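Positions are given from 1, in the same order as the sequence printed here. Since this is a predicted model, take the numbers as computed values, not measurements.
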Amino acid sequence: GKPAHVFVTNTNNNQVILYIYDSASNELLIKKYLGFAHPVKIASVIQTADEGLAVLVQTMVTGRFKRISIYKIPKEHLQSK
């Protein structure tokens with residue numbers, strides 16, 4: 001794929017939002033939300049060997065038990081439509 005900038009942050013709705021911008025034109029290519037059933041907070045994001053992304057988050061189970069979770073996003077789901 002072409003070079004891109006990835007920004008990941010938390011939303012007010014306790015989700016994680018992923019923004020992917022084209023490095024050359026600064027055009028927004030993808031906006032993707034992660035997390036829906038339990039509140040999540042971003043911990044880390046890395047590019048995987050297969051050119052996808054791995055997003056590490058912290059979640060709260062039943063509102064009080066902290067757990068970690070990982071979202072693996074394949075390269076195919078990161079390509080603009």
Side-chain angles (χ1 to χ4, degrees):
K2 55 187 174 180
H5 288 92
V6 178
F7 296 94
V8 184
T9 190
N10 298 312
T11 69
N12 291 334
N13 295 329
N14 294 316
Q15 291 179 302
V16 170
I17 188 166
L18 176 82
Y19 297 100
I20 300 178
Y21 291 90
D22 181 284
S23 293
S25 68
N26 294 327
E27 176 187 0
L28 178 63
L29 301 174
I30 296 172
K31 181 168 81 171
K32 186 172 192 69
Y33 289 89
L34 304 174
F36 60 93
H38 300 288
V40 292
K41 291 184 180 177
I42 185 68
S44 184
V45 62
I46 62 167
Q47 184 175 14
T48 58
D50 63 356
E51 297 184 359
L53 291 177
V55 181
L56 182 69
V57 298
Q58 179 185 34
T59 187
M60 298 288 282
V61 178
T62 65
R64 58 186 177 152
F65 301 109
K66 292 182 181 179
R67 298 290 185 262
I68 59 170
S69 182
I70 192 163
Y71 291 94
K72 171 63 175 87
I73 306 169
K75 176 183 176 180
E76 297 77 29
H77 291 186
L78 298 173
Q79 297 170 350
S80 58
K81 297 175 181 170

From CA spacing to verdict: side chain to side chain contact (heavy atoms under 4.5 Å, CB included), Val40, Leu34: CA-CA 8 Å; Val40 292; Leu34 304 174; 5.6 Å; no
Any Leu53 side-chain heavy atom under 4.5 Å of Val8 side chain: no
Contact list for residues 19-47, test ring pair (Phe, Tyr, Trp, His ring centres under 6.0 Å), sequence neighbours left out: Phe7-Tyr21
Test applied, side chain to side chain contact (heavy atoms under 4.5 Å, CB included); reference residue, Val45; option that passes from Val57, Val55, Ile73: Val55
Pairs meeting criterion side-chain hydrogen bond (donor to acceptor under 3.5 Å, both in side chains) with involvement of residues 53-69, two or more places apart: none
Residues clustered with Val61, ILVMFWY side-chain links under 4.5 angstrom: Phe65
Set of residues satisfying salt bridge (Lys or Arg N to Asp or Glu O under 4.0 Å) with respect to Lys72, sequence neighbours excluded: Asp50
Qualifying side-chain hydrogen bond (donor to acceptor under 3.5 Å, both in side chains) pairs, either residue in residues 22-32, two or more places apart: Lys2-Asp22, His5-Ser23, Asp22-Ser25
Partner set under side-chain contact (heavy atoms from CB on, under 4.5 Å) for Ala54, not counting sequence neighbours: Ile46, Thr48, Ile70
Cut-off 3.5 Å, no hydrogens considered: what does the side-chain donor-acceptor table look like for residues 10-18, sequence neighbours left out?
residue, atom, partner, partner atom, Å
Asn10, OD1, Ile42, N, 2.9
Thr11, OG1, Asn13, N, 3.2
Thr11, OG1, Gln15, N, 3.1
Thr11, OG1, Gln15, O, 3.4
Gln15, NE2, Gly35, O, 2.6

Residues clustering with Ile68 (ILVMFWY side chains joined when closer than 4.5 Å, directly or via others): Leu56
